[in-house]
Amino acid sequence: MLKHRFITALILLPIVISAVFLSSTLCFAIVTLMICLLAAWEWGRLAGLTVFSQRIGLIIFFSIFLISLLLNFLTDQSSIHFLPFGFSLLIWLSLGWWIIALILVLTYPNSAVFWQHSSFLRIIFGILTIIPFFCGMLALRQYAYEQDHKIGIVWLFYLMLLVWGADSGAYIFGKRFGKHQLAPKISPGKTWEGLIGGLLVSTLISLLFAYYFPLGITYQKLFICSVISVFASILGDLTESMFKRQVRIKDSGYLIPGHGGILDRIDSLTAAVPVFACFMLFIF
């Protein structure tokens with residue numbers, strides 16, 4: 001299993017780097033859209049859609065929604081300087097959703113009473129998870145585009161490094177020191193010691209990045225945005241785990257050998273990206 005994970009990571013890493021750093025805005029947007037559609041397909045399983053035609057219908061809905069947003073983003077000339085209204089609204093809306101998700105996670109399994117028998121509610125949860133993620137990715141990619149085309153690329157790289165570093169730190173510290181479970185009813189393997197380790201690693205990344213790659217804001221603001229985003233990434237992970245546990249599956253899909261599905265790889269980013277974008281673009 002570890003061998004498969006390592007080989008897959010070696011294959012995927014250059015693809016991710018190329019999509020973020022080397023592609024045009026249009027290519028980046030199309031790649032992000034495809035990732036979101038694959039995630040939506042997997043979410044159909046979490047929503048309890050067992051009939052193939054139902055999941056096809058879900059993909060058609062997401063396709064229309066995402067393509068409409070993409071066309072709005074590409075054709076709105078003001079998007080170089082300001083985000084289209086729909087993007088701003090959806091990014092703000094994501095904050096409300098993740099507050100609700102936090103309540104659902106903290107009160108699980110009692111909270112499942114309200115949504116476990118409703119595919120409609122779980123589809124809504126999927127929309128609120130995947131669509132703002134798409135908006136946040138494009139918004140960060142275009143950040144300060146009129147000043148420097150590469151600033152947004154650096155921000156995205158920083159955020160991905162921050163989230164993946166926190167995840168790796170949590171895994172290593174949790175394996176070595178983990179004794180106290182973080183969310184035993186949702187993900188028994190996660191521990192408070194792992195969370196602290198993840199925060200320490202992400203703080204180190206933030207310090208190094210601020211020192212070697214000045215990002216145009218004070219470190220205090222960067223630190224606040226980073227810590228909040230790391231906590232959001234943990235919530236994103238736990239939220240997906242909660243839905244998977246409810247439908248009794250280990251992985252959201254089998255697309256990536258050794259890694260599960262697309263959602264299993266981006267669950268942390270689905271929360272961290274729109275939250276980071278909201279604080280960076282609208283609050284600070």
Side-chain angles (χ1 to χ4, degrees), residues 9 12-13 16-17 19-21 28 32 83 91-92 94-95 98-99 101-102 105 129 132-133 135-145 147-178 182-183 187 190-240 265-284:
L12 289 179
L13 190 58
V16 172
I17 291 175
V20 174
F21 292 97
F28 173 81
T32 304
L83 284 175
I91 291 172
W92 271 112
S94 71
L95 286 187
W98 288 113
I99 291 172
L102 176 61
V105 166
T129 298
F133 165 73
C135 294
M137 289 289 284
L138 267 63
L140 289 174
R141 178 67 171 77
Q142 289 294 92
Y143 179 77
Y145 193 81
Q147 299 174 18
D148 187 340
H149 293 2
K150 297 180 180 179
I151 292 179
I153 295 175
V154 175
W155 276 117
L156 271 176
F157 176 69
Y158 169 73
L159 180 58
M160 291 179 179
L161 191 63
L162 187 76
V163 171
W164 292 337
D167 185 60
S168 299
Y171 178 81
I172 295 170
F173 275 73
K175 282 289 186 182
R176 180 65 180 85
F177 305 107
L182 177 64
S187 186
K190 291 181 174 59
T191 64
W192 284 100
E193 290 81 3
L195 184 148
I196 294 171
L199 286 174
L200 290 174
V201 171
S202 60
T203 300
L204 178 61
I205 291 173
S206 181
L207 284 168
L208 292 174
F209 221 88
Y211 183 79
Y212 288 105
F213 303 95
L215 297 172
I217 64 172
T218 65
Y219 180 72
Q220 289 78 7
K221 292 180 180 179
L222 177 65
F223 180 75
I224 293 172
C225 290
S226 299
V227 169
I228 292 173
S229 298
V230 168
F231 275 110
S233 73
I234 296 169
L235 176 60
D237 190 341
L238 289 174
T239 301
E240 195 219 351
R265 292 303 92 208
I266 68 168
D267 52 4
S268 298
L269 288 171
T270 57
V273 167
V275 169
F276 185 80
C278 189
F279 275 83
M280 276 296 304
L281 301 177
F282 306 134
I283 298 177
F284 289 122

Check [X] against [Y] and note the closest heavy-atom contact, atom names and distance.
{"X": "Ala166", "Y": "Ser202", "result": "CB-CB, 4.1 Å"}
{"X": "Tyr219", "Y": "Ser206", "result": "CE1-OG, 3.4 Å"}
{"X": "Ile91", "Y": "Ala139", "result": "CD1-CB, 3.9 Å"}
{"X": "Gly169", "Y": "Val201", "result": "CA-CG2, 3.7 Å"}

Output the distance between atom [atom1] ([X]) and atom [atom2] ([Y]), rounded to the nearest 0.5 Å.
{"X": "Leu281", "Y": "Trp92", "atom1": "CG", "atom2": "CH2", "answer": "10.5 Å"}
{"X": "Leu156", "Y": "Leu161", "atom1": "CG", "atom2": "CG", "answer": "12.0 Å"}
{"X": "Leu238", "Y": "Ser187", "atom1": "CG", "atom2": "OG", "answer": "6.5 Å"}
{"X": "Lys221", "Y": "Met280", "atom1": "NZ", "atom2": "CE", "answer": "9.5 Å"}
{"X": "Ile151", "Y": "Arg141", "atom1": "CD1", "atom2": "CZ", "answer": "12.0 Å"}
{"X": "Leu204", "Y": "Phe209", "atom1": "CG", "atom2": "CZ", "answer": "12.5 Å"}

Exercise for review: Mind running side-chain contact (heavy atoms from CB on, under 4.5 Å) on Leu182 and Ile234 for me, showing each step along the way?
Suggested key: CA-CA 11 Å; Leu182 177 64; Ile234 296 169; 4.3 Å; yes

Listed pairs under 3.5 Å, donor-acceptor, residues 267-275 side chains, sequence neighbours left out:
from	atom 1	to	atom 2	distance (Å)
Ser268	OG	Ser233	O	3.3
Thr270	OG1	Asp267	O	2.6

**Study point:** Residues Thr191, Leu195; criterion side-chain contact (heavy atoms from CB on, under 4.5 Å); working and verdict
**Key:** CA-CA 6 Å; Thr191 64; Leu195 184 148; over 6 Å; no

Review point. Any side-chain heavy atom of Phe28 within less than 4.5 Å of one from Ile153?
Key: no

Point to revise | Student check: side-chain heavy atoms of Trp98 and Thr129 closer than 4.5 Å | key: yes

Indicate every side-chain donor-acceptor pair of residues 223-232 with a distance under 3.5 Å to a residue at least two apart or in another chain.
from	atom 1	to	atom 2	distance (Å)
Ser226	OG	Tyr158	OH	2.4
Ser226	OG	Leu222	O	2.7
Ser229	OG	Cys225	O	2.7

Exercise for review: Taking ring pair (Phe, Tyr, Trp, His ring centres under 6.0 Å) as the test, write out the residues that go with Phe133, two or more places apart.
Suggested key: none

Practice item. Keeping the roles fixed (side chain from Thr203, backbone from Leu199), state whether a donor-acceptor pair exists under 3.5 Å. Key: yes

Review point. Do Phe213 and Phe157 pass the side-chain contact (heavy atoms from CB on, under 4.5 Å) test, and can you show the C-alpha distance, the side-chain angles, and the key distance before you say yes or no?
Key: CA-CA 11 Å; Phe213 303 95; Phe157 176 69; over 6 Å; no

